[in-house]
Peer 1: 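Shown below is the structure under consideration.
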Amino acid sequence: MVKTIPRAAAGPMSKPALMRQMQEIALVDVNCFYASVERVFDPSLEGKPLVVLSNNDGCAVTRSPEAKRLGIGVGEPWFKIAPRAREWGLIARSSNYELYGDISARVMELLGRYSAWVEVYSIDEAFLGVKGSPAELLQLGRDMKTAAARNVGVPVCVGIARTKTLAKLANKWAKHNSTFDGVCRWDSVPADRREALMAGLSVVELWGVATRLTKRLDAIGIHSVLDLSRADPVRIRDKFSVVLMRTVLELQGTPCIPMEEERVGRDQLIFSRSFSTPITTAAELRQVLSVYGQQASARLAKHHLQAKVLTAFAGTSHYNQRDTSYPSVCVPLPMPTADPVILTKAAHALLPAIHEGVKYARAGIMVTDLRPTGNQKPLELFENPHEERNIGPLMEDIARRYGRGSIGLGYAGIRGGPDWSMKRGMRSPRYTTHWDELPLVKAA
DNA sequence: GAGAGGTAG
DNA sequence: GATTCTACCTCTC
């Protein structure tokens, strides 16, 4: 008697079934994403050196290829670049995360048409499970590149390989080696050429390896990607960590870093910012912490989460070595909550640790031990009078209707920008998410 | 479990 | 004078 294996039910394929079908992984990422988005809406930026700045217009986070050629590094402070900007014809933009987020969503939606399994890895890149012959895979990569340029208006590069680490590497080659024309499939590159490329690349270029590991690897004679790919995985695990061992195995073609499901809940939320001008008084800091407390409340509510622990912290500038101070307090909350009053009050627990006169450059709060909002009512004894009256949702409703800043609790409610608020003098319009900032088109 | 260290984008 | 922010993982104690 032969048992027959039941056929899979019709309908969408299960994840394990997809996994069996999936032969390779494609890494698609947008070239210098923020700068490319700025160019979508302002084509006059095309061909010009352009940098997008971090919060507070602090430093360059994204540079157009022309800006890179000027020798501007990532993280280079704007105050150092600015004096020469005019002479270089360099243009700077403040970061416009709302716009970038919206364009990112369009790119991801587009990629979803090419694979049933897209892992959104960051704002500008995604891993895709892909399947097909070598020729089909290369064609798929070229199709995605063309579609992103035509439908969204941004340039992307594609790396395709058997493992994530190799897909990352192939993507890098696609980007920096014009012969690949933006699409590189690892196994389609002749072995001797791959080795030459790997021999010429420092381990610091690898996904998961940064400066510290590079130093330690250098010390044992491992300098290039090729060196690391030939290392003994077990020895690497013993001398370093399982993380680096996975990198070695992945370089050798053994997948160890799986495609991930979309993260639903988060483990922690952080609200933190550097100030445009340092804060020196507890009164000002109280106001800042109130703002964060309410932001945390709104975000928790949005994700249907409650927090059990809140940590509040402040710190002086790392660049000022005198008078340094990094006060922080960890406040266990009496019960899981997303209530703005409770969170704000908890955040204020930092205030006694603040020394008047010290120049605090940054502050923030972190909520941890997050859990989904339960539906069972807390014991009467522990019931929170504010939550009962739903102050959080009420404030959200007003903010939605009358705009952010129209309502706030106590010190967070003051109108007009306090002088520590973020500096963003060169922000482009939020073209796609605000009615009053839509792009105008003139038909002449 | 907390904190340090490291990494990514 | 001035220099991002958020979130994760692993290791150690």
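All chains are named by letter (A, B, ...) in the order of the sequence lines, taking the proteins before the strands, and each is independently numbered beginning at 1. What you are looking at is a predicted structure, and each value in this text was computed from that prediction instead of being measured.
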Peer 1: Touch check for Arg237(A), heavy atoms < 4.0 angstrom, all strands: base, sugar-phosphate only, or nothing?
Peer 2: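 Touches nothing.
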Peer 1: Using whole Å, what does the distance between atom P of nucleotide dG1(C) and atom CZ of Phe275(A) come to?
Peer 2: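 After rounding, the gap between these two atoms is 22 Å.
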Peer 1: Whole angstrom is fine here: how far is it from CG in Leu169(A) over to C1' in dA8(B)?
Peer 2: 16 Å
Peer 1: Answer with base, sugar-phosphate or nothing: what part of the nucleic acid does Trp78(A) contact at a heavy-atom distance below 4.0 Å?
Peer 2: nothing
Peer 1: Measure from the side chain of Thr211(A), starting at C-beta and using heavy atoms only, and say which of dT3(C), dT7(B), dC11(C) lies closest.
Peer 2: dT7(B)
Peer 1: Rounded to the Å, how far apart are Glu119(A) CD and dC8(C) C1'?
Peer 2: 13 Å
Peer 1: Quick one: is Arg216(A) getting a side-chain N or O under 4.0 Å of the dG6(B) phosphate, OP1 or OP2?
Peer 2: no
Peer 1: Of Arg93(A), Glu38(A), Glu437(A), which is the lone residue that meets side-chain hydrogen bond (donor to acceptor under 3.5 Å, both in side chains) with Ser428(A)?
Peer 2: Glu38(A)
Peer 1: Side-chain N or O of Ser241(A) versus OP1/OP2 of dG6(B): is the shortest distance under 4.0 Å?
Peer 2: no
Peer 1: Nearest to the side chain of Lys168(A), which nucleotide is it out of dG6(B), dA8(B), dT3(C)?
Peer 2: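 Within the option list, the nearest is dA8(B).
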Peer 1: Indicate whether the side chain of Thr337(A) and that of Asp339(A) have a donor and an acceptor atom separated by less than 3.5 Å.
Peer 2: no
Peer 1: Using a heavy-atom cut-off of 4.0 Å across all strands, would you classify Tyr121(A) as base, sugar-phosphate, or nothing?
Peer 2: sugar-phosphate
Peer 1: Starting at the 5' end of DNA chain C, which residue's closest nucleotide do you reach first, Asp267(A) or Arg362(A)?
Peer 2: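 Result: Arg362(A).
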Peer 1: Give me the ring orientation class for Trp207(A) and Phe127(A): parallel if the planes are under 30° apart, tilted from 30 to 60°, perpendicular past 60°.
Peer 2: tilted
Peer 1: dA2(C), dC11(C), dG9(B): which one has an atom nearest the side-chain heavy atoms of Trp207(A)?
Peer 2: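 For Trp207(A), the side-chain atoms sit closest to dG9(B).
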Peer 1: So which one's nearest nucleotide on DNA chain C is more toward 5', Arg299(A) or Val243(A)?
Peer 2: Arg299(A)
Peer 1: Using whole Å, report how far CE of Met245(A) lies from P of dC11(C).
Peer 2: 10 Å
Peer 1: Check every strand shown and say whether Glu125(A) touches a base, only sugar-phosphate, or nothing at a heavy-atom separation below 4.0 Å.
Peer 2: sugar-phosphate
Peer 1: Ile270(A) has a side chain; which of dT6(C), dG9(B), dT4(C) sits nearest to it?
Peer 2: dT6(C)
Peer 1: Roughly, in whole Å, what's the span from CD in Glu260(A) to P in dC9(C)?
Peer 2: 8 Å
Peer 1: Separation of Met366(A) atom CE from dA4(B) atom P, in whole Å?
Peer 2: 11 Å
Peer 1: Indicate whether OP1 or OP2 belonging to dT10(C) is found under 4.0 Å from a side-chain N or O atom of Arg246(A).
Peer 2: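 Yes, within the criterion.
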Peer 1: Judged by modelled atom types alone, do Ser64(A) and Glu66(A) share a side-chain donor-acceptor pair under 3.5 Å?
Peer 2: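 Checked: Ser64(A)/Glu66(A) side chains pair up, N/O donor to acceptor below 3.5 Å.
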Peer 1: Classify the angle between the aromatic ring planes of Tyr431(A) and Phe41(A) as parallel (below 30°), tilted (30 to 60°) or perpendicular (above 60°).
Peer 2: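 Ring orientation of Tyr431(A) relative to Phe41(A): parallel.
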Peer 1: With heavy atoms under 4.0 Å as the rule, sort Leu206(A) into base, sugar-phosphate or nothing.
Peer 2: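 Sugar-phosphate contact only - Leu206(A) comes under 4.0 Å of backbone atoms but never of a base.
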Peer 1: Regarding Lys175(A) and Asp29(A), does a basic nitrogen lie under 4.0 Å from an acidic carboxylate oxygen?
Peer 2: yes
Peer 1: Let me know the distance between CG of Leu310(A) and P of dA2(B), rounded to the nearest Å.
Peer 2: 14 Å
Peer 1: In whole Å, measure the gap between the P atoms of dT3(C) and dA8(B) for me.
Peer 2: 25 Å
Peer 1: If you check the Leu213(A) side chain, which of dG9(B), dT3(C), dG6(B) turns out closest?
Peer 2: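 Between dG9(B), dT3(C), dG6(B), the one nearest the side chain of Leu213(A) would be dG6(B).
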Peer 1: Between dT3(C) and Ser54(A), is there an OP1 or OP2 to side-chain N/O distance shorter than 4.0 Å?
Peer 2: no
Peer 1: Give one of base, sugar-phosphate or nothing for Leu269(A), where a contact means two heavy atoms less than 4.0 Å apart.
Peer 2: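 If one applies the 4.0 Å heavy-atom cut-off, Leu269(A) turns out to touch the sugar-phosphate alone, with no base involved.
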Peer 1: Starting from P on dC11(C), measure out to CZ on Arg212(A) and report it in whole angstrom.
Peer 2: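 Spelled out: CZ on Arg212(A) to P on dC11(C) is 17 Å.
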